[in-house]
Amino acid sequence: MRLFKFLIMLHHGGCLAILTERFLMDSLIIRRPDDWHLHLRDGAMMRHVVKYSAEQFGRALIMPNLRPPITRVDQALDYQARILEALPASTSFQPLMSLYLTDTTPVSEVIAAAENPFILGFKLYPSGATTNSEEGVTDIEKIYGLLETMERLDLVLQIHGEVTDPDIDIFDREKVFIERELIPLTERFPALRMVLEHVTTREGVDFVRSSPDTIAATVTAHHLLYNRNHLLAGGVRPHYYCLPVLKRQIHRQALLQAVTSGNPKFFLGTDSAPHPRGSKESACGCAGCFTAPAALAMYAQAFESQGALSKLEDFASSFGADFYRLPRNQALITLQRESWKLPDVLLYDDAEIIPLNAGETIPWKL
């Protein structure tokens, strides 16, 4: 009764929902979620990191920007087989694949991809936009023929939405890409389903909201929890460096509002991207936040901050599957309010990976 009166007193301050969740919700049972944007890399690193995603997610859409990139159906299926071989025998985790678009991708590969149920679409990397994107598309008009075929065969275009023009400020590259490339693209190919991957700006949110149902967006946990101060204030913190880069607080707030609104156009995509410690803490400054070990707990933390834990299941477990026209997972998972500490470093072979939030306490646990 004392707690109830306390919550009533704070109701007019706008804190009721958040405080109710904090005091009354100690566990959350949801349908097993999916990750619609995941980097696993390959070889020893992939064999080490895939377990973190498999423990939390039923399916994941695996990004194709390896060296060399996954540009053909046979390469994608070989990569999928390596991932499956690295999984524990008891897991039901299903890797789904995307192919890497280039200026010279043949139409025959689009047709072959459409015939394979494990390949959901093609990833558009503007050349030079992010890690291992050097072989990406140099001019979108060069792939119009491919996009026409994708539209006809109902394959999804997954888009890294940033321009690479050096005259454009890095914090504006998503906004300019939407204006210059994405709006004309949606007008030219109105039936082509597209995902604006790892959306980071208020302009990106507004674009997705106002677009037809063929347009959706994935949102990462780190863009929901952090802004550019976490990357830059007090010195550069390389493990917070990702592309698209963390933005201003107004953009983070727009993302939080979007994912907790119940709008089915926004769904979970971690963009978890492991790098060896030496590659992150160097002049290279490789882009990518490795969030897989605590991904779902981080999303729960973000939703709880808005008093919206009840909205997490649809965002994580329903909207992405619906957009990709796949059945929702039937299994359930439980998130428990239980503090635990992320390791300072993760070891594999003779290398190290530093997870985002290394050494910090996480309030939710699977």
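Worth saying up front: this structure is predicted, and the values here are computed from it rather than measured.
Residues in residues 116-137 take part in these ring pair (Phe, Tyr, Trp, His ring centres under 6.0 Å) pairs, two or more places apart or across chains: Tyr100-Tyr125. Among residue pairs with one or both ends in residues 141-172, those qualifying as ring pair (Phe, Tyr, Trp, His ring centres under 6.0 Å) are Tyr144-Phe189, His160-His198; sequence neighbours excluded. Within the structure, the salt bridge (Lys or Arg N to Asp or Glu O under 4.0 Å) test picks out the following pairs touching residues 80-107 (sequence neighbours left out): Asp42-Arg82, Asp103-Lys142.
For the residue pair Ser133 / Thr130, no side-chain donor-acceptor distance below 3.5 Å is found, with atom types taken as modelled. One side chain, Glu174 or Thr201, offers a donor N or O that lies under 3.5 Å from an acceptor on the other. Donor-acceptor pairing under 3.5 Å is recorded for the side chains of Lys247 and Thr200. Looking at Asn357 and Tyr226, their side chains do bring a donor and an acceptor atom within 3.5 Å of each other.
Lys311 contributes a side-chain N or O that, together with a main-chain N or O of Thr260, makes up a donor-acceptor pair within less than 3.5 Å. Not one N or O on the side chain of Ser27 forms a donor-acceptor pair closer than 3.5 Å with the backbone of Gln336. Counting only distance, with no hydrogens or angles, the side chain of His230 and the backbone of Asn227 share a donor-acceptor pair below 3.5 Å. The backbone N or O of Arg32 sits less than 3.5 Å from a side-chain atom of Asn329, completing a donor-acceptor pair. Remark: the backbone N or O of Thr270 is not paired with any side-chain donor or acceptor of Thr220 at under 3.5 angstrom.
The pair Asp213-Arg193 fails the salt-bridge criterion, with no side-chain N (NZ, NE, NH1 or NH2) lying under 4.0 Å from an Asp/Glu carboxylate O. We find that Asp206 and Arg209 are joined by a salt bridge, their nearest charged nitrogen and carboxylate oxygen being less than 4.0 Å apart. A salt bridge does not link Asp165 with Arg173: every distance from a Lys NZ or Arg NE/NH1/NH2 to an Asp or Glu carboxylate oxygen is 4.0 Å or more. Under 4.0 Å is where a charged nitrogen must lie from a carboxylate oxygen, and between Arg152 and Glu148 no such pair does. Ion pairing between a basic and an acidic side chain is recognised when a charged N comes within 4.0 Å of a carboxylate O; Arg188 and Glu151 show no such pairing.
The side-chain heavy atoms of Leu87 and Lys51, taken from C-beta on, include no pair separated by under 4.5 Å. Side-chain contact between Met298 and Leu225: present, with at least one pair of heavy atoms (C-beta onward) separated by less than 4.5 Å. Counting heavy atoms from C-beta on, the side chains of Thr334 and Leu28 never come closer than 4.5 Å. Side-chain contact check for Gln158 versus Leu61: some heavy-atom pair is nearer than 4.5 Å. The closest side-chain heavy-atom distance from Thr214 to Phe323 is not below 4.5 Å. Looking at Asp154 and Arg325, their side chains come closer than 4.5 Å, going by heavy atoms from C-beta outward. Here the side chains of His251 and Glu203 are in contact, with some heavy-atom distance below 4.5 Å.
With hydrophobic clusters built from ILVMFWY side chains whose heavy atoms lie under 4.5 angstrom apart, Val195 does not share a cluster with Phe57.
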Identify all side-chain donor-acceptor contacts of residues 345-353 below 3.5 Å with residues at least two apart in sequence or on another chain.
from	atom 1	to	atom 2	distance (Å)
Glu352	OE1	Arg277	NH1	3.0

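Applying the ring pair (Phe, Tyr, Trp, His ring centres under 6.0 Å) rule to Phe93 yields no partners; only residues at least two apart in sequence or on another chain are considered. In this structure Phe290 satisfies the ring pair (Phe, Tyr, Trp, His ring centres under 6.0 Å) test with no other residue, sequence neighbours excluded.
Ring geometry for Phe267 versus Trp36: interplanar angle over 60°, hence perpendicular rather than tilted (30 to 60°).
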Worksheet item: Can Leu246 and Asn229 be said to form a side chain to side chain contact (heavy atoms under 4.5 Å, CB included), step by step?
Response: CA-CA 8 Å; Leu246 297 172; Asn229 285 350; over 6 Å; no

